[in-house]
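Data first, discussion second: the structure below is written as structure tokens.
For the single chain, residues carry numbers from 1 onward in sequence order. Numbering of ligands and ligand atoms starts at 1, following listing order.
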Amino acid sequence: MPSAVGLPALAPRDIVRSGLCIGCGACVSRANSVASRMELDRYGQYQPTGSPEWLRRGSPEFARICPFSPYARNEDELAEWLFPGAGERDAAVGSFRSAYVGHVAEKDFRERGSSGGMVSWVLSELLRTGRIDAAVHVAAATDPQRERRFFRYRISRTENEIRAGAKSRYYPVELSEALMNIRSKPGRYAVVGVPCFIKAVQLLRTEDPVLRERICYTLGLFCGHMKSARFVESLAWQMGVTESEIQSVEFRLKAPDRPANWYTAQLTLRSGQTVRKDWWHLADGDWGAGFFQNPACNFCDDVVAETADIAFGDAWVEPYSSDGRGTNVVIVRSPEMERLMKTGIEQGRLRLKPVDARFVERTQAAGFRQRREGLAYRLCWPRPGLKPRKRVLPNSQGLPIRRKLIYRSRALITAWSHRVFLFARLIRRPGLYIRWARLALAIYHGLAYSRGRLGAMIDRWGH
Ligand SMILES: Cc1cc2nc3c(=O)[nH]c(=O)nc-3n(C[C@H](O)[C@H](O)[C@H](O)COP(=O)(O)OP(=O)(O)OC[C@H]3O[C@@H](n4cnc5c(N)ncnc54)[C@H](O)[C@@H]3O)c2cc1C
């Protein structure tokens, strides 16, 4: 793909100050110097940091590789380069050759995965068949208290390592170290990531021939939003323990006898004891309310990792959402991934059924509302800093008042959950945050779900 020329210079600080930094670490990996690194900020979100000169130094290259840069190629342009001749192009799911719903049938991939175990299966199969030397994915930190983080990107070189990394981590991670390792060690790699991370990898591959050659496969995870590290602290507060007691975190405990979408979080303490709570009973456990969401996610328009060779999500429609064993939806974009799926199905190792784009879209209905209708509305709001350039145009026409209030309250919860939590943490009063979160959630639920007289009042308001 030829490099875009004539772009304005952009600096990491411009993106950070505009609330558009997702903390992927692409810029730091490219700088590859002691002048910059990725660090968790006071809100528990990764941000690039380093010498003031580096942060301020504008460059057209940074404008091209940052996934939230208004000047970088968008997902459609990247997909055109990556998947020429891919069968269908769909406004919701992007370029794709085929899509499936189902799960892994062999070994205990499904039991050990968050959904149907497909991501770990594909990584293991790529390794087993010699297509890759290593998988770049997210695993638990070995010594979280010393590392001061619970999860991080890891390069796994055996099936056991890959399988030990299964499960979704709703926790900030960054790619700079992993990308620098790929650059320094020849080999063939597969990278797993949420949509903006995969976009960052693909943008880097347009610039960097070494990454282009070595990153042979990209596996995308559908994404609702990224959470800050404070979500884990909040889990600890609400389970009556402190963060310093935690040895490991499980965001989605699997229980075959309960619906897949009834999430249970479990903390394993250093003492060996475990504590757990259903997300429904958490003050901030409603995913849709946007607690601890990274602000950049407000300006994302890719739900299903449109630039990944293959992408995976949960089948959030019946009968699958009631099946606690977990079920994937899979979108296949590259011919090689298509062959891998077909062979797996023929050999009875994958139990997958073909579906169409509308089925996939229905499984992510809330995500698409937030990133299409909601994004169009948010783009109308005045904001300082850089203006995001999205595939969705600003528009608030015809949006019912209730939907507007939902998007407004979600954005307020996102913004204030970081601040109220920080304040409660500073004055050591967890109860302050928890009470605020309960109130915020009650208001959000009132707007989103009220029927009867209150519902009618909200719907009439503004008419
Ligand atoms: C932040 C986040 C938000 C998500 N939002 C949605 C959503 O809105 N809708 C939806 O349908 N699905 C969403 N998913 C994807 C879903 O949770 C499952 O990860 C996906 O269905 C794959 O399940 P599996 O059983 O096939 O994967 P598994 O076999 O469990 O393997 C998961 C793989 O993903 C890697 N991984 C885990 N967390 C991360 C991370 N943060 N970044 C990069 N790699 C990671 C693991 O290392 C492992 O290799 C989200 C995932 C994440 C991490």
Side-chain angles (χ1 to χ4, degrees), residues 22-25 46 93 100-104 107-127 134-140 149-156 159 161-175 178 190-198 200-201 218-229 231 249-252 254 260-261 263 287-288 290 292-294 297 300 302-305 308 310-317 320-321 325-331 350 352 360-371:
I22 192 68
C24 65
Y46 276 110
V93 307
Y100 299 94
V101 63
H103 57 86
V104 182
K107 297 189 187 166
D108 57 354
F109 281 98
R110 189 185 193 188
E111 289 72 28
R112 289 169 63 170
S114 271
S115 312
M118 284 295 298
V119 175
S120 302
W121 186 88
V122 170
L123 290 177
S124 303
E125 192 61 7
L126 291 174
L127 189 76
V136 181
H137 64 149
V138 172
R149 58 183 171 179
F150 287 99
F151 300 97
R152 62 181 169 76
Y153 261 97
R154 181 177 75 187
I155 301 191
S156 292
E159 183 181 328
E161 279 178 345
I162 287 174
R163 300 190 69 196
K167 293 281 178 99
S168 305
R169 276 71 201 248
Y170 307 123
Y171 192 83
V173 285
E174 61 87 18
L175 271 166
V191 178
V192 183
V194 291
C196 50
F197 277 48
I198 297 294
V201 166
T218 49
L219 282 70
L221 302 175
F222 294 10
C223 186
H225 60 253
M226 293 269 287
K227 291 214 180 277
S228 81
F231 183 46
V249 182
E250 174 77 84
F251 292 100
R252 286 169 64 174
K254 216 162 208 180
N261 53 2
Y263 288 8
W287 188 272
F292 300 116
Q293 180 196 289
N294 187 302
C297 303
C300 164
D302 182 1
V303 179
V304 292
I310 185 163
F312 309 86
D314 286 285
W316 292 143
V317 285
Y320 307 106
S321 34
R325 292 170 299 173
T327 311
N328 283 114
V329 263
V330 184
I331 304 175
L350 300 178
L352 296 177
V360 178
E361 192 178 358
R362 268 195 292 127
T363 68
Q364 308 297 317
F368 279 112
R369 263 197 309 276
Q370 167 79 352
R371 310 282 174 79

Give me the nearest non-hydrogen protein atom to [atom] as residue plus atom name, then the distance to 0.1 Å.
atom	value
atom 10 (C) of ligand 1	Q364 OE1, 3.4 Å
atom 23 (O) of ligand 1	S115 OG, 3.3 Å
atom 22 (C) of ligand 1	V119 CG2, 3.6 Å
atom 6 (C) of ligand 1	F222 O, 3.3 Å
atom 52 (C) of ligand 1	Y170 CE2, 3.6 Å
atom 30 (O) of ligand 1	K167 N, 2.8 Å
atom 35 (C) of ligand 1	V192 CG1, 4.0 Å

Check [X] against [Y] and note the closest heavy-atom contact, atom names and distance.
X	Y	value
K254	R110	NZ-O, 2.5 Å
L219	A190	CD1-CB, 4.2 Å
K107	E159	NZ-OE2, 3.2 Å
V122	F312	CG2-CZ, 3.9 Å
Q364	V329	NE2-CG2, 4.3 Å
C24	A200	SG-CB, 3.9 Å

**Prompt:** With sequence neighbours excluded, what pairs up with S115 under the side-chain contact (heavy atoms from CB on, under 4.5 Å) test?
**Reply:** R252, D314, N328
[X] versus ligand 1: do any nitrogen or oxygen atoms come within less than 3.5 Å of each other?
X	answer
D314	yes
G313	yes
W287	no
V138	yes
R252	yes
R169	yes
M226	no
L221	no
G165	yes

So is [X] touching ligand 1 or not, going by heavy atoms under 4.0 Å?
X	answer
G117	yes
R110	no
A139	no
K227	no

**Asked** Within a reach of under 6.0 Å around CZ of R325, are more than 12 heavy atoms found that belong to other residues, nucleotides or ligands?
**Response** no
**Request:** Using the test ring pair (Phe, Tyr, Trp, His ring centres under 6.0 Å), find all partners of W287 that sit at least two apart in sequence or belong to another chain.
**Result:**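 Ring pair (Phe, Tyr, Trp, His ring centres under 6.0 Å) list for W287, sorted by chain: Y170, H225, W279.
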Just which atoms of ligand 1 are under 4.0 Å from any heavy atom in [X]?
X	value
N328	21 (O), 22 (C), 23 (O), 24 (P), 26 (O)
S168	16 (C), 17 (O), 18 (C), 19 (O), 37 (C), 38 (N)
G193	43 (C)
Y153	42 (N), 43 (C)
S120	28 (P), 29 (O), 31 (O)

**Asked** How about Y171 and R149: do any of their side-chain heavy atoms sit closer than 4.5 Å?
**Response** yes
**Residue pair N294 / Y46, side-chain heavy-atom distance below 4.5 Å** =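 No; the side chains remain at least 4.5 Å from each other.
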**Message:** I need the single residue from V138, I162, T218, L221 that forms a side chain to side chain contact (heavy atoms under 4.5 Å, CB included) with V192. Which is it?
**Reply:**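 So, applying the side chain to side chain contact (heavy atoms under 4.5 Å, CB included) to V192 and each of V138, I162, T218, L221, only L221 qualifies.
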